[in-house]
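Bear in mind that the values here come from a model prediction, so they are computed numbers and not experimental data. Below, read A as the first sequence line, B as the second, and so on, with proteins coming before strands; counting in each chain starts at 1.
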There are 2 protein chains.
Amino acid sequence: MQKQDRKPPTIKDVAAHAGVSVMTASRAINGKALVSAGAREAVAQAVKALGYVPNASARALAGSADRRVALLHSNSTTSAYLGELLLGALAEAPQRHLHLVVEQCAPGAFAQEIVDQVAQAHVAGVILPPPLCDWSELVEQLAQRDILVVAIAPDRDGPDMLSVGTDDRHAAYDLTRHLVDLGHRRIGFIEGNPRHRASARRLQGFRDCLADHGIAADAALVAPGDFSFRSGLDAAEQLLGLDTPPTAIFACNDDMAAAAITVAHQRKLNVPGDISICGFDDTPLASAIWPALTTIRQPIRDMSREAIGLLGMRLRSPDDGAHGVIGKVKLDYQLIRRQSDAVPARH
Amino acid sequence: MQKQDRKPPTIKDVAAHAGVSVMTASRAINGKALVSAGAREAVAQAVKALGYVPNASARALAGSADRRVALLHSNSTTSAYLGELLLGALAEAPQRHLHLVVEQCAPGAFAQEIVDQVAQAHVAGVILPPPLCDWSELVEQLAQRDILVVAIAPDRDGPDMLSVGTDDRHAAYDLTRHLVDLGHRRIGFIEGNPRHRASARRLQGFRDCLADHGIAADAALVAPGDFSFRSGLDAAEQLLGLDTPPTAIFACNDDMAAAAITVAHQRKLNVPGDISICGFDDTPLASAIWPALTTIRQPIRDMSREAIGLLGMRLRSPDDGAHGVIGKVKLDYQLIRRQSDAVPARH
DNA sequence: CTGAAAGCGCTAACAG
DNA sequence: CTGTTAGCGCTTTCAG
C-alpha cells in the first residue's frame with residue numbers, strides 16, 4: 001500500500017483523461033444540458049477512474065451566486081435536537097453546493113444584533129429551528145435584508161414563508177388511534193405549553209380521533225401541562241386521582257410521559273398492565289426509562305435536510321417573481337412502539 | 001434600512017482603505033511578522049470600518065497546505081454527544097483556518113472501507129470520537145495513509161497518539177469525595193461496562209478516595225453493570241437488598257443512576273432523604289428525572305474544540321521531526337450538584 | 001454542442 | 001518591511 005496521489009485529481013485531470021476540454025468536463029459533472037452523450041459518458045468514466053471529487057472551495061469561489069447559508073441556533077435548543085439538525089444539514093449542504101456555517105445567537109440578544117451577526121456572515125439564507133422561527137421580529141428583519149429564511153417546525157406558518165415540519169395533528173391522531181385500537185376508551189391527555197401551537201395541534205388530533213370513534217370527550221380527562229417533567233407530575237396526579245381514572249394517558253411529550261410513569265409507580269400501578277402511557281418526540285429519555293415509551297418520532301434530521309434543499313432550490317434561480325417552487329414541506333413522522341402500552345386491564 | 005453593500009468587502013477593499021498593498025493587508029490580517037506597527041494599525045481599522053470578513057473558500061483554495069479535516073462518527077454515538085462534538089468543532093475550525101467535513105461511517109463497515117472513504121475526502125486529519133478511537137485497526141490504517149488522528153476520550157492512549165480527554169479517575173474521586181464530605185461512609189458503586197476503560201478508571205477514583213479517607217473497601221458494595229438502564233436496575237436491587245444497605249450510590253453513568261432511583265422509589269425510599277444517588281456524564285436524562293441527578297459533566301464541546309486546535313497546530317508546520325507540540329490535552333470536568341444527594345439520614 | 005479566456009479572493013513565492 | 005507576480009480549482013462569460 002504505497003502513497004499514491006499526493007495531490008487529489010483536479011477537473012483538469014478529468015478533462016485530459018476524458019479527452020475533452022475542462023469546460024465540457026465541468027458541464028458534464030454538473031449535469032448541465034448542452035453536452036453530448038458521448039462526452040458525458042467519457043467524463044463520467046474519467047471521474048470514476050481517477051476518483052475525482054470536486055473541490056468545494058474552488059466551486060464556492062468561482063460561483064458568482066452567494067451560496068453560503070447558516071444554521072442559526074439559540075442556546076435553548078437541546079443538543080440532541082441540534083445534533084440531529086446539524087447532521088442532516090451537514091450531509092445535504094455539499095449535495096446542493098451550499099456552504100453551511102453554524103451560528104449561535106447570544107443568550108439575551110436583541111433581534112437586531114442577531115440579524116447583524118448573520119448579515120456579517122454573508123449568508124444568503126438561514127435555517128431557523130424553534131423557537132427562533134417563531135420570533136416574528138427576527139424573521140421580518142431577516143427578510144428585510146433579503147436573507148432567505150426556512151423555518152423548522154414553526155408554530156405559525158405564514159403563507160409566504162419557507163418551512164419544513166411534520167403534521168402534529170395527524171401524528172397525535174395516529175397515536176390516539178393506536179390506543180383506541182388497543183381497546184382503550186378512557187384516555188387521559190396531558191397538554192403541552194399552551195404558548196406552543198404544536199401543543200394545540202396535538203390536542204386537536206387527539207380530540208378528532210376520539211370523535212371519529214364515537215368516544216365522548218370528557219373535559220376532566222384533559223390536564224394542563226407545559227412540557228416540563230414537573231408539570232407532568234401534577235397532571236398525572238390529577239388524572240390518576242379521578243374517581244374513574246383513565247386506562248391510558250397520552251402525554252404531549254416524553255418528559256411528561258416519564259413523569260406520568262413515575263406517578264403511576266408511586267400509586268402502585270403497573271405500566272403498562274394497569275395503565276398505558278405514551279409520549280411524543282422520541283427523545284433519548286424515551287428509551288432510557290422503564291418501561292420504554294411508545295412515542296412519536298419526528299424526522300428531525302430529514303427536516304434540516306429538506307430545509308437545505310429548499311434553500312438550494314430558491315438560491316439557484318434568482319427570479320423572484322415566479323417562485324413556483326413549493327415552499328412548504330411536510331414530513332412523515334413515525335409511531336415508535338415500545339413497552340409502555342398494552343390492552344386495557346379487564347374489570 | 002436600505003440594502004447596503006451588495007457584495008461583501010474583499011481584502012482589496014481593505015488594502016485600498018488602509019492605503020497599503022493587498023499583501024501587506026493579508027499579512028497584517030493573519031498576524032504574521034514583518035509588518036510595521038503603522039500598517040498593522042491601519043489595516044485593523046480598515047477591517048473594522050468595512051466589516052471585512054475573510055473568505056474561507058478563497059483561503060482554502062490559495063493555501064497550499066491541506067487544511068481539510070474530518071469528524072468521523074459511527075451511528076453508535078448518541079446524537080446529543082455528537083451534537084456537542086459538532087458544535088465545538090464547527091466553532092473552532094474557522095478560527096484555525098481548517099475546513100471541517102463530517103463523515104458518518106456505515107454500520108457494519110470494515111476498517112478498510114472507512115479509511116478509503118476518508119482518504120477520498122482528501123482530509124489531512126480526522127477526529128475520532130469513541131468508540132472509533134479505540135478501534136486500533138482503524139487508527140493504524142489511517143496513520144499509514146499519513147492522516148493525522150486525534151482521539152476523543154480514548155480508552156487506551158498510546159504515547160504517540162494525539163488525544164483529548166478528561167481525567168475520569170480524578171472526576172470519580174471528586175464525586176466520591178463530595179459524598180464523603182456529606183457524611184456518607186457506606187457508599188455503593190455501580191460499575192460500567194468492563195470493556196470500557198473509563199469504567200475501570202472511575203472505579204479506581206472511587207476506591208482511591210475511600211482509601212484516602214480511611215474508609216474500608218467493602219466488595220459487597222460494588223455491583224456490576226454495563227452502562228445500561230437495565231443493568232442499573234439489577235445492580236441497585238443488589239445494593240439496596242443488602243442487610244446494611246449503603247446510604248449513597250455512585251452509578252458509573254446517568255442511565256444507571258436513574259435506574260437506581262427507580263428501584264429506590266419502588267422500595268419506598270426517599271431520594272435523597274433516605275439514600276443519595278449520583279450519576280456521571282450529565283446527559284439530558286440527568287435533569288429530566290426527579291430528583292434531578294448530581295453528576296459529573298464532561299466538557300464535550302471543548303474536547304472537539306481542542307481536537308481541532310491540535311490538528312491546526314500539527315498541520316501548520318510540516319516538520320515531522322521535531323513535533324514538540326503537546327499531543328495530549330486533559331480537560332476539566334465539572335461536578336454538577338442537583339437534588340439527588342444529601343447528608344445521610346440519622347439512625 | 002464545445003472551447004478559450006478571464007477571473008472569484010486569497011496567499012506562497014519571490015523580488016525590491 | 002513591502003510590493004509584484006503567479007497561481008489554487010472551478011465556473012462564468014463569450015466566441016466559435
Side-chain angles (χ1 to χ4, degrees), chain A residues 5-43 46-47 50-68 94 97-99 122 124 315-318, chain B residues 5-43 46-47 50-68 94 97-99 122 124 315-318:
Chain A
D5 38 292
R6 272 255 140 277
K7 292 246 170 186
T10 77
I11 197 172
K12 259 186 194 160
D13 302 322
V14 173
H17 190 107
V20 298
S21 78
V22 174
M23 242 354 273
T24 304
S26 170
R27 284 196 270 254
I29 290 166
N30 292 309
K32 304 245 175 173
L34 308 184
V35 181
S36 68
R40 196 177 293 280
E41 175 62 21
V43 171
V47 166
L50 270 42
Y52 168 76
V53 179
N55 179 320
S57 295
R59 245 185 197 161
L61 188 53
S64 54
D66 234 346
R67 298 195 73 75
R68 276 168 68 90
H97 302 183
L98 288 180
H99 271 223
H122 303 307
L315 259 25
R316 183 167 301 284
S317 48
Chain B
D5 37 293
R6 273 255 140 278
K7 293 245 169 185
T10 74
I11 198 171
K12 260 187 195 159
D13 303 322
V14 173
H17 189 107
V20 298
S21 78
V22 175
M23 231 11 258
T24 304
S26 170
R27 284 195 269 255
I29 290 166
N30 292 307
K32 303 245 178 174
L34 309 184
V35 182
S36 69
R40 196 177 293 280
E41 175 61 23
V43 171
V47 166
L50 270 41
Y52 168 76
V53 178
N55 180 321
S57 295
R59 246 186 196 160
L61 189 54
S64 54
D66 235 345
R67 299 197 72 75
R68 275 169 69 91
H97 301 182
L98 289 179
H99 270 224
H122 303 310
L315 257 27
R316 183 168 300 283
S317 48

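- In this structure, CD1 of Ile11(B) is placed 12 Å from P of dG3(D), rounded to the nearest angstrom.
- Between Asn55(B) and dC8(C), a side-chain N or O to OP1/OP2 separation shorter than 4.0 Å is absent.
- Between Leu61(A) atom CG and dG7(C) atom C1' the separation is 9 Å, expressed in whole Å.
- The two residues Leu61(A) and Ser57(B) come nearest to each other via the heavy atoms N-CB, 4.5 Å.
- When every heavy atom of Tyr52(B) is checked against every heavy atom of Ile11(B), the shortest pair comes out as CE1-N, 3.5 Å.
- Nearest nucleotide to the Ser36(B) side chain, out of dT2(D), dC10(D), dC10(C): dT2(D).
- Put simply, CZ on Arg67(A) is 12 Å from P on dT11(D), counting in whole angstrom units.
- Taking only side-chain atoms of Arg27(B), from C-beta outward, the nucleotide of dC10(D), dA13(C), dT11(C) with the closest atom is dA13(C).
- As a whole-Å value, the separation of Glu41(B) CD from dC1(D) P is 16 Å.
- Under 4.0 angstrom from either OP1 or OP2 of dG3(C) there lies at least one side-chain N or O belonging to Thr24(A).
- Remark: C1' of dC8(C) and CZ of Arg68(A) are 14 Å apart, rounded to the nearest angstrom.
- Terminal axes of the helix from dC1(C)-dG16(D) to dG16(C)-dC1(D) (five pairs each, C1' rotation axis) are separated by 30°, to the nearest 10°.
- Going from atom NZ of Lys32(B) over to atom P of dC10(C) covers 15 Å, rounded to whole Å.
- Using a 4.5 Å heavy-atom cutoff, the side chains of Thr10(A) and Asn55(A) are not in contact.
- The nearest pair of heavy atoms linking Val14(B) to Ala46(B) is O-CB, 3.6 Å.
- Out of dT11(C), dC1(C), dC10(C), the shortest distance to the side chain of Leu34(A) is found at dC1(C).
- The side chain of Ala39(A) lies closest to dT2(C), out of dG3(D), dT2(C), dG9(C).
- The two residues His17(B) and Leu50(B) make their nearest non-hydrogen contact at ND1-CD1, 3.3 Å.
- Remark: P of dT12(D) and CD1 of Ile29(A) are 13 Å apart, rounded to the nearest angstrom.
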What pairs of donor and acceptor atoms, side-chain ones from residues 26-35 of chain B against any protein atom, are under 3.5 angstrom apart with sequence neighbours left out?
| unit_1 | atom_1 | unit_2 | atom_2 | d |
| --- | --- | --- | --- | --- |
| Asn30(B) | OD1 | Arg59(B) | NH2 | 2.9 |
| Asn30(B) | ND2 | Ser26(B) | O | 3.0 |

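- Atom C1' of nucleotide dG9(C) and atom CZ of Arg59(A) are separated by 18 Å, given to the nearest angstrom.
- When the nucleotides dT2(D), dC8(D), dC10(D) are ranked by their closest atom to the side chain of Ala62(A), dC10(D) comes out on top.
- Contacts with DNA chain C (heavy atom under 4.0 Å) in residues 12-23 of chain B: Val22(B), Met23(B), listed by number.
- Among all heavy-atom pairs drawn from Pro8(B) and His122(A), the shortest one is CB-CE1, 3.1 Å.
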